[in-house]
Novice: 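Below are the structure tokens for one structure; questions will follow.
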2 protein chains.
Amino acid sequence: MATFKTRAQYVADDLRERILGGEFKGGSQLRQDALARDYDVSRIPVREALLTLESEGLVEFHAHRGAFTTELSVAAIRELFDLRVLLETYVLRYAIPNLTTADLDHAGSVLRQYDAALDSGSQIDNWSDYNFAFHHALYAPSGLPETLAMIGQLNTKSGRYIRMQLVYTREIEKAELEHRELLELARNGKVEDACRLLERHIKDAAEGIAAVLEKNLRSA
Amino acid sequence: MATFKTRAQYVADDLRERILGGEFKGGSQLRQDALARDYDVSRIPVREALLTLESEGLVEFHAHRGAFTTELSVAAIRELFDLRVLLETYVLRYAIPNLTTADLDHAGSVLRQYDAALDSGSQIDNWSDYNFAFHHALYAPSGLPETLAMIGQLNTKSGRYIRMQLVYTREIEKAELEHRELLELARNGKVEDACRLLERHIKDAAEGIAAVLEKNLRSA
DNA sequence: GCCATAGGGATTGCATACAATATCCAGATT
DNA sequence: AATCTGGATATTGTATGCAATCCCTATGGC
């Protein structure tokens with residue numbers, strides 16, 4: 001069952017990280033030839049990787065002109081975060097009654113890892129993964145894999161902006177406190193309180209990002 | 001503007017129709033070589049088309065074994081339809097207050113076209129498109145393009161089963177009546193009634209599909 | 001001076017050809 | 001008899017090279 005990974009998948013994974021990490025600003029062109037040299041592969045797996053990223057909403061193809069990183073409007077970002085509120089509170093409602101002590105322990109350990117990473121001053125790249133891992137740990141017991149997949153899509157598509165907001169506003173600590181609170185509410189089966197907190201948690205992030213984007217727009 | 005369509009896109013569009021139309025039953029292998037001969041292209045655009053369909057959830061790649069059409073479990077189908085209820089009532093709430101007379105006329109004309117197609121005894125292939133066109137006409141004024149895109153994804157992914165249910169249960173006429181009723185409620189701004197009807201409309205379809213699938217399972 | 005337009009250059013999109021991997025089945029081994 | 005091994009075969013995954021398309025610029029007409 002060797003987890004064989006094609007070169008196309010490897011390129012897609014790495015390129016996704018680079019895009020989400022902010023290496024390519026919105027609208028920049030991704031030339032197949034250059035990427036092929038970067039990864040020391042031919043243009044075929046690069047094309048396939050770009051197609052995958054297109055389906056994830058991270059790049060756009062313009063016929064015979066190449067792939068460009070997408071640039072989301074403020075309105076689109078708000079919309080994506082509203083969708084996250086809708087879907088994530090939906091799964092959380094299903095998940096909380098199903099939470100086992102093992103699930104709670106797992107979520108707790110993710111939080112501790114995250115603390116450790118924070119204290120050691122490690123990079124933000126990792127934080128985003130931890131953040132998703134924590135949310136996923138809470139949602140997984142919902143037993144709704146299709147819904148979780150859509151939530152994952154939303155996270156990927158908006159991931160670049162989440163990181164940006166964290167860099168600019170340093171709200172990591174606040175998010176961290178909210179995570180602890182959320183876990184506690186989940187542990188005690190307070191479904192409605194947890195959903196309310198989650199909603200605020202997501203909406204606050206959206207407002208933070210919108211504020212940053214609008215400031216950038218004005219200065220540009 | 002450029003109506004240029006790559007061969008990969010052409011193959012993807014056609015193959016999607018064939019899969020949704022039921023030409024390939026669940027789990028059947030799609031060999032690149034055979035498809036390439038079918039479409040008189042090389043395997044490269046075929047591979048790209050298959051990747052696109054993979055991202056839409058219609059096929060799955062098994063490394064070095066090729067692409068297979070996906071087979072959704074009954075649970076997955078129920079989950080997808082529950083998601084449709086959640087997202088479609090969500091956009092409908094936003095759309096109804098924004099509906100212009102032009103929007104209503106457009107939705108009405110879609111329904112009339114659909115009637116005409118029904119009377120002329122034309123194929124079901126077209127019905128699915130009309131169905132989606134009608135729903136889309138109602139939802140578009142919501143001004144939520146990202147959400148509409150996700151709804152489109154859900155429709156694609158479950159499309160094969162929707163057609164199957166229609167073939168088996170001949171519920172087209174019932175759906176048609178509900179569409180007319182839905183349009184009337186929307187016209188009169190009855191948001192809550194419209195959402196309730198829409199919810200039942202979608203859930204009934206889901207139950208019909210689940211019934212057919214479970215019967216097939218038992219006979220297999 | 002401004003718009004249309006043709007040719008050069010750059011980049012993509014695709015066909016061909018080859019390399020890599022999984023499956024299958026025969027034969028050996030316990 | 002059941003399981004393991006290994007090579008043959010089928011199919012995918014990728015490299016290379018070429019043709020098609022678009023952008024850009026320069027030139028000509030008004």
Novice: Can you name the salt bridge (charged side-chain N to carboxylate O under 4.0 Å, His left out) partners of B:Glu60, sequence neighbours left out?
Specialist: none
Novice: Which residue pairs pass the side chain to side chain donor-acceptor pair (under 3.5 Å) test with at least one member in residues 73-87 of chain A, sequence neighbours excluded?
Specialist: A:Arg78-A:Glu207, A:Glu79-B:Thr147, A:Arg84-A:Glu88
Novice: Please list, chain by chain and in numerical order, all residues satisfying side chain to side chain contact (heavy atoms under 4.5 Å, CB included) with A:Arg18, sequence neighbours excluded.
Specialist: A:Asp14, A:Leu15, A:Glu23, A:Phe24, A:Leu35, A:Asp38, A:Tyr39
Novice: Let me know the distance between OH of B:Tyr39 and P of C:dC14, rounded to the nearest Å.
Specialist: 15 Å
Novice: Sort and list the pairs that fulfil salt bridge (charged side-chain N to carboxylate O under 4.0 Å, His left out) and have at least one residue in residues 61-71 of chain B, not counting sequence neighbours.
Specialist: none
Novice: Could you pull out all residues at least two apart from A:Arg31 that satisfy salt bridge (charged side-chain N to carboxylate O under 4.0 Å, His left out)?
Specialist: none
Novice: Over the length of the helix from C:dG1-D:dC30 to C:dT30-D:dA1, how much do the five-pair end axes diverge, rounded to 10 degrees?
Specialist: 20°
Novice: Enumerate the salt bridge (charged side-chain N to carboxylate O under 4.0 Å, His left out) contacts for residues 39-50 of chain A, please, sequence neighbours excluded, ordered by first and then second residue.
Specialist: A:Arg47-B:Glu48, A:Glu48-B:Arg47
Novice: Kindly write out the residues that satisfy ring pair (Phe, Tyr, Trp, His ring centres under 6.0 Å) with A:Tyr139, not counting sequence neighbours, or none if the list is empty.
Specialist: A:His135
Novice: Hey, what are the protein-to-nucleotides 5-8 of chain C N/O distances that come in under 3.5 Å?
Specialist:
none

Novice: Suppose the criterion is ring-ring contact (aromatic ring centres under 6.0 Å, His included): which pairs have a residue in residues 83-112 of chain B, not counting sequence neighbours?
Specialist: B:Tyr90-B:Tyr94
Novice: Return each pair, listed once, that meets salt bridge (charged side-chain N to carboxylate O under 4.0 Å, His left out) where at least one residue sits in residues 149-159 of chain B; pairs must be two or more places apart or across chains.
Specialist: A:Glu146-B:Lys157
Novice: What string of B, S and - do you get for nucleotides 11-20 of chain D, 5' to 3', if B is base contact, S is sugar-phosphate-only contact and - is no contact with any protein heavy atom under 4.0 Å?
Specialist: SBBBBBB---
Novice: How far does CG of A:Leu144 sit from CG of A:Asn98, to the nearest 0.5 angstrom?
Specialist: 9.0 Å
